[in-house]
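Each chain gets a letter, A, B and so on, in the order its sequence line appears, and its residues count up from 1.
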Amino acid sequence: MTLSTRYNPKEVEKGKYEFWKNKGYFKAGENLTKTRFSMVIPPPNVTGKLHLGHAANTTIQDIIARYKKAQGYDVLWIPGMDHAGIATQAKVEAKLREEGISRYDLGREKFLEKAWEWKREYAESIHAQWAVMGLSLDYSRERFTLDEGLNKAVRKVFVDLYNKGLIYQGERIINWDPVQRTALSNIEVIYKQDKGEFYYFKYHLVGKEDFLVVATTRPETMFGDTCVIVNPKDNRYKHLIGEYCINPANGDKLPIIGDEYVDIEFGTGAMKCTPAHDPNDFKIGEKYGFKPIICMNEDATMNSICGKYEGLDRFECRKQLVEQIKLDGNLIKIEEITHEVGHSERSDAVVEPYLSKQWFVKMRPLADQALKNQTGNKTITFYPERFNKVFTSWMEKVDDWCISRQLWWGHRIPAYYHKVTNEVRVSIEPPDDMENWKQDEDVLDTWFSSALWPFTTLGWPEKTSDFKHYFPLDLMVTAYDIIFFWVSRMIFQSLEFTSEPPFKKVLIHGLIRDSQGRKMSKSLGNGVDPFEVIEKYGADALRYFITTTSTPGQDSRYIEEKVESSANYINKIWNAARFVLGVLPIDFKPCAINVHDLNPLDKFIMAKLESTIEAVTYNMERYELGNASTHLYNFVYDDFCSWYLEMAKVTLNGENIKAKENTYQVLFRVLKAIIMMIYPYTPFVSEELYQNLPEHKESIMLESYPTIDKSFVDQGAIEEVETLFKLIKDIRNYKVENDLAPNAKIKLYIFDPKRIYQKYVPYLERFTFASEIIFEDNEDNLKNHILFIYDLAQFALEDNIDKEKIILKLTSELEHVEKEIQRAEGMLANPNFVTKAPKNKVDAEKEKLLNHQNHRKILLEKIAKLK
RNA sequence: GGAUGUUUAGCUCAGCUGGGAGAGCAUUACCCUUACAAGGUAGAGGUCGGGGGUUCGAUCCCCUCAACAUCCACCA
C-alpha cells in the first residue's frame, strides 16, 4: 500500500469502523485479568441528530477509552440512549400534528406504538453517527432508558423509596407546562427577563367609602384570590386588618390579613393572595387556613369559576379583565416592568404555578447522604475540582423533586388506586386482582431513570457479573449544564441503592459555542452540524479540534479555521510518516537500540521523545487533553519534522552504514510513538498509518501505548546538538538581516579545539549552504569575522562588514548577558531562594550563571580584540 | 441578592504546584529545498484588565475595583 501525497480523510476513514467493530475490539471483558476501566455514555436523546456538544462529549470519552485500552486496561464503554420523555413526546406529537391528529385521537396504546417507531428510527441514525465519529463503544451491552431491564429497576427504586418514605404523593404548587400539559421539576424551568405590566387596582373596603390599592402582575389569577395581606407594622394599613375588601375582578369579599411576609417597601405594600397559583401564597394560605381556589384548566385557559372569562386563554383573560376593571373605574395605573418569568425548558411556554397532586422525592435525606459522601473516603473527584462546589451547594438547598409527568412516553408510575376504596398501593408488580384497581396514569420524569444509568446499564438490580466487575464506574464525562439534572441525581440514587458512588471521577466539560461566543440554538440558526464538518475535514480533524482547543470545564468556540488547521496537522504527520516509510529499507526489521551506538542527533530525538511521552502521559492521566496534544504537537513539528527528519536525510545520504541503520531504527521508533500518541485523538488516520508500518499487528487497537525509557537521555549529546541548531538558526537569521538569499554560499570557520563539530560538517554544509568549512585553531584569526559564540565552540563567517557594526552587535549581546548575570546573581545571593527553592531550580540557576559568565568573558575578549 | 468563571498578540485561545510570555488563524520578507505550498525559513506584533499587597522575584498567590459571561435564589 502506498500513501498519497495528501492526507485524504474520506479514503482513510472508509471501512475502518466496521473493521474494528466486526473484529470485536470494542468489546470489554475479553481478558478479566487486566485492570478494568469502565464508563457509560451519557445517553443522547432519541429526538434528533447529534450536535457538536455530543461530538465533544463522546470524543473525550473515546480518547480516554482508546488511551486506556492501549495502556493495557480492560476498557468497558457502554452505549445507550435516553427516551427523553417530554422532548420525544413533543416531537412525536408534532409529527402527528402534521398529519392532523393529536395524541388524544390515537389514545395511549397507539401513541406509544408511534413513539417506539420514532425511537427505532432515530436510534438507527444515532448509531450511524457514532460510527462516523469512530466511537469505540461496546454494543454488546447497549441499553435504552426505557427498555425492560431499566423499567424493572425503575419500579424497584420507586417502590423502595416509597416504602422508605422517600417518595410521597402530595398536593402542592408545581410548575405546570400548559402546552405539554404536564408538571415539571424546578430545574426544568428557565427564568427569562420578560417585559410585563404591574397593574394597580382599587380594592374597595366593605362598609367604608375608602379603598386600598393592590398591585399585581397577574390579574387573571384574581379569580383565585382568597385574601389581601398587609404588613402589621405598616402604619398605612394596620388599622384595616380584620376588615374586608372587594375583589375588583369578581366582587368577592376578601378578608384583610396582617403578615410580616409582606414587604412594606414593595408595590403598594398590600398584596393579593392566590394560594393555588403561587408557591408563597400557598404557604400563607395554609398558615391562615384558606382553601386554595384553582381558576385555570390544564391548558391554562380560565375555568368555570371565572364567569364570562371561562375558556379564555390566561393572557387573553388578563387583557379583557383589565379592560373591565378599567371600565369599572378601578384601575389606578399600569406600570411597565421587567421581571423574571419562568418558561418551560422544552416547550418554552410560560410556566404556570399550579396546585396539583403529584409524586415527589423527598430530597433532604438523600442529599445529605450525597453531601456526606463528599467528605468521606469514597469521595467522587470532580475535574475540574470547582464543580464539586457547584454540586454540593445545590445539594445543600435542594427542593423536593417532582417526578410525575402527565405524559405517556415514559416509565409508568407503579401506583394503583382501588376503584372502590381509593386505597393506594405501590408495588413492583400490579395487584393480583387488577380488575379492581386502576394504575396511575402518569409517567416518571425522564431523569428518574437516567439517574439509575450507571448501575442499571450493568444489569442492576440483578447481581450480574458485569455489575460486580465494573461498578462503580471509573469515570463519567459530561457537560456542566447537567450537573443538577443528572450528575447529582446519579450520585444520590447510587448511594441509596448500591451504597457506592456511581463513579470514582467525573470529568466536566464546557459547551461549544458559535464563533461569536453565542450558544448554539435552533432559533438563532447558528448550530453547526458535526457531520457537515466531518464531510469537509474528516472525523479525525473534528475530533482533534473539539478536544484540544479548550481547557476542561471551559466553554469553547467553534472556529472553522481551527478545524482546518487540525486537518493540516494530521497532514503533517501523514507526510512525515510517508517520508519515513519511504526511506526505510524493504527488509527493515525493528530491533532493540543500544543507546551507546547512537549518534548525538539520534540521542537528541530519542531524549526529546522520552520527555514528550512523559508529558503527554502525565496530561492524559489528568484528562488535560489539550495540554497533552500541545506537547505532542511541538515535538512533531519542531523536534521531529523541522530538525530530526532533515538531519536524517544527511545521515542517510552518507556512507556510514551503521549510522544509517541506527537512524532507520530511530525513525521507525519515533514515528510509531507519534502515531500511538496521536491515535486516541485521530484513530482513523492513525490506523491507516499504523497498518503501513513494518511489523504491525492486525490493528492499532491491539498495539500498546509508548512507555518512558530514560536510558536514552544523554545531556551532553543534547547540548551539542542544541548548539548546532542554534548556530544554524543564527546563520539563517544573519542571512536575512543582511539581505542574503537563504541559499547564499558562506565560508564557515570553527574555533573548536576539541573538534566536537568535525562530525557535523556534512550537516552544516546542507543547513548553512557552507561552501567551505575551516577549523581554525588560532582564535585571533577570527577577529574580523562575524562571530557566533556558544559555550561549546565559536563559529565565524568571513565578512566585510565594518568593525563598528560588529562591536555594536556584540555590545548589545553583552548588555543582555549582563542583565541575565545580574538576575541570576541576585537570586543566588538571596538566602530565601537558596534555602527554600527546590534544589533543581537552584542548580539550574547556578548553571545558567556559569554559562552567562563564560559567555561574558568571551564577548569581552572579542570586543577588546576588535578595538 | 449569592456563587463561579473570564479578562494574555489584530482574532480565537493555551500557559502544569510563582523562576526569562506561547499556539492556531491573520500579517511581513524570502523560498515550488527531492515527506508535506493544506508547505518551509526568518520576522513583526503583548506595561498578561486597572490599582494595591506578599516575595529576592508575580501572568500565576492575597486584597480591591472594573467589564463581560454563566449558574443559583428571587417581592406579589
Report the distance from atom CG of N571(A) to atom C1' of G39(B), rounded to the nearest whole Å.
9 Å

Within the structure shown, what part of the strands sits under 4.0 Å from Y637(A) by heavy-atom distance: base, sugar-phosphate, or nothing?
sugar-phosphate

What string of B, S and - do you get for nucleotides 71-76 of chain B, 5' to 3', when a contact is any protein heavy atom under 4.0 Å?
SS-BBB

Value for OG1 (T612(A)) from CG (D639(A)), rounded to nearest 0.5 Å, stands at 6.0 Å

C25(B) and U70(B), which share atom name C1', separated by this distance in whole Å:
27 Å

Pair pattern of RNA chain B in dot-bracket, where unpaired bases get dots and | marks partners in another strand, Watson-Crick or G-U under 3.5 angstrom:
(((((((..((((.....[..)))).(((((.......))))).....(((((..]....))))))))))))....

Parallel, tilted or perpendicular: which describes the rings of W574(A) and Y7(A), with under 30° parallel and over 60° perpendicular?
tilted

Non-hydrogen side-chain atoms of L667(A) and Y644(A) separated by less than 4.5 Å:
yes

For nucleotides C71(B) and G24(B), find the distance between their P atoms and express it as a whole number of Å.
34 Å

Strictly below 4.0 Å: does R732(A) bring a side-chain N or O up to OP1 or OP2 of U41(B)?
no

Ring pair (Phe, Tyr, Trp, His ring centres under 6.0 Å) filter on Y261(A), not counting sequence neighbours, yields none

Can you check the N388(A) CG to U4(B) P distance for me, whole Å?
13 Å

Of all heavy-atom pairs between T338(A) and Q193(A), which one has the smallest distance, and what is that distance?
CG2-OE1, 3.5 Å

How many whole angstroms separate atom CG of N743(A) from atom P of A42(B)?
15 Å

What does the B/S/- profile of nucleotides 22-32 of chain B look like, 5' to 3', with a 4.0 Å heavy-atom cutoff to protein?
--SS----S--

Mind telling me whether Y637(A) and Y569(A) have parallel, tilted or perpendicular rings, with 30° and 60° as the class edges?
parallel

Between U6(B) and G50(B), how far apart are the C1' atoms? Round to whole Å, please.
16 Å

Tell me whether the rings of Y288(A) and F290(A) are parallel (<30°), tilted (30 to 60°) or perpendicular (>60°).
tilted

Pairs satisfying salt bridge (charged side-chain N to carboxylate O under 4.0 Å, His left out), at least one member in residues 611-625 of chain A, at least two apart
K68(A)-E621(A), E614(A)-K710(A)

With rounding to the closest Å, how many angstrom separate the C1' atoms on A66(B) and G51(B)?
11 Å

Nearest 0.5 angstrom please: E765(A) CD to I746(A) CD1, how far?
10.5 Å

Is S556(A) touching bases, backbone alone, or none of the nucleic acid, heavy atoms closer than 4.0 Å?
nothing

When you compare A9(B) with G15(B), how far apart are their C1' atoms, in angstrom units rounded to a whole number?
14 Å

Determine the contact category for L645(A): base if any of its heavy atoms lies under 4.0 Å from a base atom, sugar-phosphate if only primed atoms, P, OP1 or OP2 are that close, otherwise nothing.
base

Taking only the P atom of each, what is the distance from C32(B) to G18(B) in whole angstrom?
49 Å

Give one of base, sugar-phosphate or nothing for C273(A), where a contact means two heavy atoms less than 4.0 Å apart.
nothing

F198(A) vs Y200(A) aromatic rings, parallel, tilted or perpendicular, using cut-offs 30° and 60°?
perpendicular

With RNA chain B as reference, determine whether T5(A) or R513(A) sits nearer its 5' end, using the nearest nucleotide of each.
T5(A)

Could you check whether the rings of F484(A) and W394(A) sit parallel, tilted or perpendicular, using 30° and 60° as the cut-offs?
parallel

So which protein nitrogen or oxygen atoms get under 3.5 Å of nucleotides 14-18 of chain B's nitrogens or oxygens?
from   : atom 1 : to      : atom 2 : distance (Å)
A14(B) : OP1    : T551(A) : OG1    : 3.0
A14(B) : O5'    : T551(A) : OG1    : 3.1

Passes ring-ring contact (aromatic ring centres under 6.0 Å, His included), F387(A) versus F391(A)? Steps please.
CA-CA 6 Å; F387(A) 288 107; F391(A) 163 68; over 10 Å; no

Is there side-chain contact between V262(A) and D234(A), with heavy atoms separated by less than 4.5 Å?
no

When we call it a touch if two heavy atoms are under 4.0 Å apart, what does A567(A) touch: a base, just sugar-phosphate, or nothing?
nothing

Decide whether K649(A) and T651(A) meet the rule of one side-chain donor and one side-chain acceptor closer than 3.5 Å.
no

Atom C1', compared across U54(B) and G46(B): separation rounded to whole Å:
26 Å

To the nearest 0.5 Å, what is the distance between NZ on K562(A) and OH on Y537(A)?
14.0 Å

How far, in whole Å, is A37(B) from C30(B) if one measures between their C1' atoms?
14 Å

